[in-house]
Amino acid sequence: MADTTKRYDPSDIEDRWYAYWEDLGAFRAERSGKPPHVIMMPPPNVTGRLHMGHALQDTVQDALTRMRRMQGYEALWMPGKDHAGIATQNVVERKIKAEEGKTRHDYGREAFVDKVWEWVDEYGDIIFQQKRKLGDSCDWSRERFTFDDAYVRAVQDVFVKLYNDGLIYRGHYLVNWCPVDMTALSDEEVNNIEKEGHLWYIRYPLAEGEGHIEIATTRPETMLGDTALAVHPEDERYQHLVGQHVQLPLTDRTIPIIADDYVKMDFGAGALKITPGHDKNDAEIGKRHDLEVIGIMNPDATLNEYGGAYAGMDRFDARDRIVADLEAQGYLIKVEPYTNTVPISSRSKAVIEPLISRQWFVKMEPLAKPALEAVRSGEIKFYPERWANEYYRWLENIRDWTISRQLWWGHRIPVWYYTDENGEIDEERDFVVAIDQPEPGMVQDEDVLDTWFSSWLWPFATLGWPEESDEEINADLDYFHPGHVLVSGYDILFFWIARMIMAGLYFKGEIPYRDIFITGMIKDKQGRWMSKSLGNGIDPLEMIEQYGADAVRFSLTILCAQGQDIKLDPTKFEMGRNFANKIWNAFNVFGQFMETDAEGLPTKDYRRTRAFDELELVERWMLTRLNQTILQVEESVSRYRLNEALGAIYATFWGDFCDWFLELSKPQRGEDGELGTMSDEKIALATEVFETLLQLLHPFMPFITEDLWWKVRPRAEGEACMLSAWPKANETEIDEDAAQVFGLLQELVSGIRSVKSKYGVSPGKAIRAVVNLPAEAERLKDALQQSDRYFEKLAKVTDLTVGSGVEKPKASAAVVAGTSEVFIPLEGMIDLNEERARLSKEIEQKERFLKSIAGKLRNEKFVSRAPAAVVDRERQKQADITAELDRLRANLSDLG
RNA sequence: GGGCGAUUAGCUCAGCUGGUUAGAGCACUUGCCUUACAAGCAAGGGGUCGUAGGUUCGAGUCCUACAUCGCCCACCA
């Protein structure tokens, strides 16, 4: 007797099987004769904790990896983590602040970086432990970090190459400056959000003579950096003033009035203050007119010496004061409420201050072109396709990438400067771009690189690129690159996915992968992003604890439809839990009759001895369904419709295998109430189907399937489910005929049950039934006559008659199924009115249906234009329904 | 301002290149602790597929507007 309990308890087995797989080395991928299948795990931040987004994406990646592995591929799922510059630095800064009351400056750069390393060593692998709980079958022996020595080298090589190719430059430009993190950011790291603000109308008096020009601004404090006032060249109000000057209020400066057709005459006051040091558009206008650039802010967004009386104040305090002073001095004309877009750091949420700063940039256009072409040509495909449009849009409008960051935690920029006698950087002399210090005394650039400047190399730097002297590495790169599919969310389409494609093509000369599967994002029940601040997150580990990893994986997969966001709430995992429980108990049906050893493991290998055509109806039907399901799964997975694949297995397992096959296969209770037994032949069939279903389910629900795998057959050492050969559909065991006959049987059984339920006949009460078949259906008649046992088991029909032209017994209910019908004599229980109503309702429904078909067929255009197959199908339907109606009417009139 | 997505049963969602009488899970009703499973079984009820047009023999599916919600992008101060 197998050792199973009624309720499946996942906590019992999951860790055990994970350890077993790892010990077996089952996750490892090595260069072999097999075709490779490679997935690069998007490296989580070292600060990361497993969240539902990871759980979803890992489930998808693991399912694909496990399936390919079973299908005979050398499946590599490469894990790793990202040093995540700002994020990690922030975490450690917060920690030392909280624990020691210190800032990173108290530590100094070197000591602080050491502190971060300490943190990484202590906490950096937590997420990988969490991923193990989920069942991730990635090759941990290949785990990489974007700060591994070899990886650092790759990043520096890439910098040097891009510089030498003329694609990296340094310069003073207006950049997105975050005053909280005190670093430059790329455009992608900035979000524009709508915010209620004000539009202040301010008067700038003419320097020469009477009068003034009115301007409008949303950021009055920037006026301290104004170096011109612009009007439209065709604006008749101001034309005559161009070339003159205005007095800049609150300062002793005067600024020129210039004409530029960027100015919209009808917006605001029709004139524009120009602050080239703090506004992107103004900077361009400034360049056109060769204006002076004044930066009025310090890195922390307090005003600097150009702020005059406001120097040292925070920019927003200064704004209030300036407005108050303008008003007091009569320069403020009016204030209007105004909604404008404000740039926010995606990391710190601080309002970004555009300011001029010396930074490093990558010229993107030359990189973008091939990347565009790779997708346009179809070499790389997006699933779902629509994401290709987002990708095009971004690449077609690509802007240069600000890659330098004023942080301490990150890849140092491989640029060196000469120093003067005081040890200060000698700005007079050229810098040198080199990985190692070119000359003693030279100092390295203080800045570090954007995190994504290292992660864009992930698909090949993780394999050891660019080390060319090492044969192992070369062979690995040859074999495992390019990869096959990238699974990711759309949130990092620009940050990472697009840049990886650029990097792959530019540095490696190859696309990084063929397919990109973009999953939806996990949202809360109300469709909001899950976040710490909202406290609406669902912790995958708690869910695993509560429902089991397989249940979590099942539910996430089944909910993951083609890129749609998932509104998740914990009760969704009940679906998976219930299914796991169903699987567990289904095994028990036949497992309890197997010969087992003391540990409950099978000692006998039950194999079917009969050929397919010797099997009985339900068996042929079940194998047919199984083989159809295998085909369906393959088809769905090839299009990354994992929800559909898993849904198909679920329906077959529960709706076919459990509800019909097992119900018919399990032993019947003996006459005297004693438990029956199951023949070896029956056990063999159940085992065969169940085992195959376990394999189909394994990629999605690895733990329970592995556990039961060992319980259905004696296995040799190491003969794990996860390493078993993926089932092949056996097309010779697809029997459409059996499917059709069994389908009719299902209809008749359901009809009988329905009648019993309708008339309050207890399901357990034995009844008689008479099946009436059309005269020509000899084959059906034989099949159903042999199926009396099925009717008994499923509907408690103890007396079955099957024939054609059979007389309808007195006082019986009738169920019509196509051209067949079944009579259920219910002497004394049947309510004639009820029965009439029941039949009438059915007749009405069929008549409506028939009418719509007849309508179609009367339509000449339909008959002439629709494909012949469609028309034939309608004709067939018409004939079927007509026959069915005849019977229904006959049955009705029978009732008198 | 531009683009994308969503709108299908009470709820959450599938529904692919148009073609059986639109499906699932949950919830609901009725009956069952039928010795695999009450995390279950059986039988049911419930949908004019957001609105209005159009294309087509045929539309949940394609087209055009519109509405509502959500997301992305964008230099009108």
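By convention in this document, chain letters (A, B, ...) are assigned in the order of the sequence lines, proteins followed by strands, and residues within each chain are numbered from 1.
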**Prompt:** Are A:Ser750 and B:A43 close enough that a side-chain N or O sits under 4.0 Å from OP1 or OP2?
**Reply:** yes
**Asked** Looking at OG1 of A:Thr557 and CG of A:Leu56, how far apart are the two atoms once the value is rounded to the nearest 0.5 Å?
**Response** 7.5 Å
**Asked** Roughly how many Å is it from CD in A:Glu663 to P in B:C41, rounded to a whole number?
**Response** 9 Å
**Along RNA chain B (nearest heavy atom to each residue), the more 5'-positioned of A:Lys666 and A:Glu284** = A:Lys666
**Prompt:** Taking the six-membered ring of A:Phe791, is NZ or CZ of A:Lys793 closer than 6.0 Å to its centre and within 45° of its axis?
**Reply:** no
**Item:** Contact under 4.0 Å: A:Arg838 side-chain N or O vs B:G44 OP1/OP2
**Value:** no
**Distance, C1' atom - from B:G18 to B:U29, rounded to whole angstrom** = 37 Å
**Request:** Give a yes/no on whether any side-chain N or O of A:Lys793 is located under 4.0 angstrom from OP1 or OP2 of B:C41.
**Result:** no
**Asked** Taking only side-chain nitrogens and oxygens of A:Trp654, does any of them come within less than 4.0 Å of OP1 or OP2 of B:A36?
**Response** no
**Item:** Phosphate contact (B:C41 OP1 or OP2) by A:Lys582 side-chain N/O below 4.0 Å
**Value:** yes
**Prompt:** A:Glu847 has an atom CD; how far is it from atom P of B:U21, in whole Å?
**Reply:** 17 Å
**Message:** Between B:C69 and B:C26, how many Å separate the two C1' atoms, rounded to a whole number?
**Reply:** 23 Å
**Prompt:** If the P atom of B:C63 is compared with that of B:G19, how far apart are they to the nearest Å?
**Reply:** 15 Å
**Asked** Should B:A77 form a Watson-Crick or G-U wobble pair with both distances under 3.5 Å, which nucleotide is its partner?
**Response** none
**Item:** Any A:Tyr338 side-chain N or O less than 4.0 Å from OP1/OP2 of B:A77
**Value:** yes
**Prompt:** Under 4.0 Å between a side-chain N/O of A:Arg7 and OP1 or OP2 of B:A39, yes or no?
**Reply:** yes
**Item:** Geometric class of the A:Phe554/A:Phe579 ring pair [parallel <30°, tilted 30-60°, perpendicular >60°]
**Value:** tilted
**Request:** Look up atom CD in A:Glu188 and atom CZ in A:Arg399, then write down how far apart they are to the nearest 0.5 Å.
**Result:** 7.0 Å
**Request:** Can you tell me, in whole Å, how much space there is between the P of B:G45 and that of B:G10?
**Result:** 15 Å
**Complete:** Atom CD of A:Glu396 and atom P of B:C4 are separated, to the nearest Å, by 14 Å
**Message:** Within the 3.5 Å criterion, strictly below it, is a donor on A:Asp226 or A:Tyr204 matched to an acceptor on the partner's side chain?
**Reply:** yes
**Message:** With rounding to the closest Å, how many angstrom separate the P atoms on B:U64 and B:G5?
**Reply:** 12 Å
**Message:** With nearest nucleotide decided by heavy atoms, which residue, A:Lys877 or A:Lys567, maps closer to the 5′ end of RNA chain B?
**Reply:** A:Lys567
**Asked** According to the Watson-Crick and G-U wobble definitions, with both distances under 3.5 Å, which nucleotide is paired to B:C13?
**Response** B:G23
**Prompt:** What is the pairing partner of B:U56, taking Watson-Crick or G-U wobble pairs with both distances under 3.5 Å in any strand?
**Reply:** none
**Item:** For B:A65, the Watson-Crick or wobble partner whose two distances fall under 3.5 Å
**Value:** B:U51
**Prompt:** Can a side chain N or O of A:Lys758 be found less than 4.0 Å away from OP1 or OP2 on B:A43?
**Reply:** no
**Request:** Could you measure between the two C1' atoms, the one in B:G23 and the one in B:U56, and give it in whole Å?
**Result:** 26 Å
**Request:** Using a cut-off of strictly less than 4.0 Å, decide whether A:Asn192 has a side-chain nitrogen or oxygen near OP1 or OP2 of B:A74.
**Result:** yes
**Message:** Looking at A:Lys525, I'd like to know whether one of its side-chain N or O atoms comes within less than 4.0 Å of OP1 or OP2 on B:U12.
**Reply:** no
**Request:** Figure out the CE/C1' separation between A:Met575 and B:G25, and round it to whole Å.
**Result:** 5 Å
**Asked** When we call it a touch if two heavy atoms are under 4.0 Å apart, what does A:Arg577 touch: a base, just sugar-phosphate, or nothing?
**Response** base
**Message:** Does B:U20 have its OP1 or OP2 closer than 4.0 Å to a side-chain nitrogen or oxygen of A:Arg873?
**Reply:** yes
**Request:** Considering just the side-chain nitrogens and oxygens of A:Lys856, establish if one lies under 4.0 Å of OP1 or OP2 belonging to B:G58.
**Result:** no
**Message:** Heavy-atom count check: over 12 atoms from other residues, nucleotides or ligands less than 6.0 Å from A:Lys758 NZ?
**Reply:** no
**Asked** Say you pick atom P in B:G70 and the same atom in B:G53; how far apart are they, in whole Å?
**Response** 28 Å
**Request:** May I ask you to say what A:Glu860 touches in the nucleic acid, namely base, sugar-phosphate or nothing, with a heavy-atom cut-off under 4.0 Å?
**Result:** nothing
**Residue matched to B:C41 through Watson-Crick or wobble contacts both under 3.5 angstrom** = B:G31
**Item:** B:G44 phosphate, OP1 or OP2, under 4.0 Å from A:Ser757 side-chain N/O
**Value:** no
**Prompt:** Side-chain N or O of A:Arg528 less than 4.0 angstrom from OP1 or OP2 on B:G70?
**Reply:** no
**Request:** Determine the interatomic distance between C1' on B:C66 and the same-named atom on B:U12; round to the nearest Å.
**Result:** 27 Å
**Message:** Need the pair for B:G46. Rule: Watson-Crick or G-U wobble, both distances under 3.5 Å, any strand; none if unpaired.
**Reply:** none
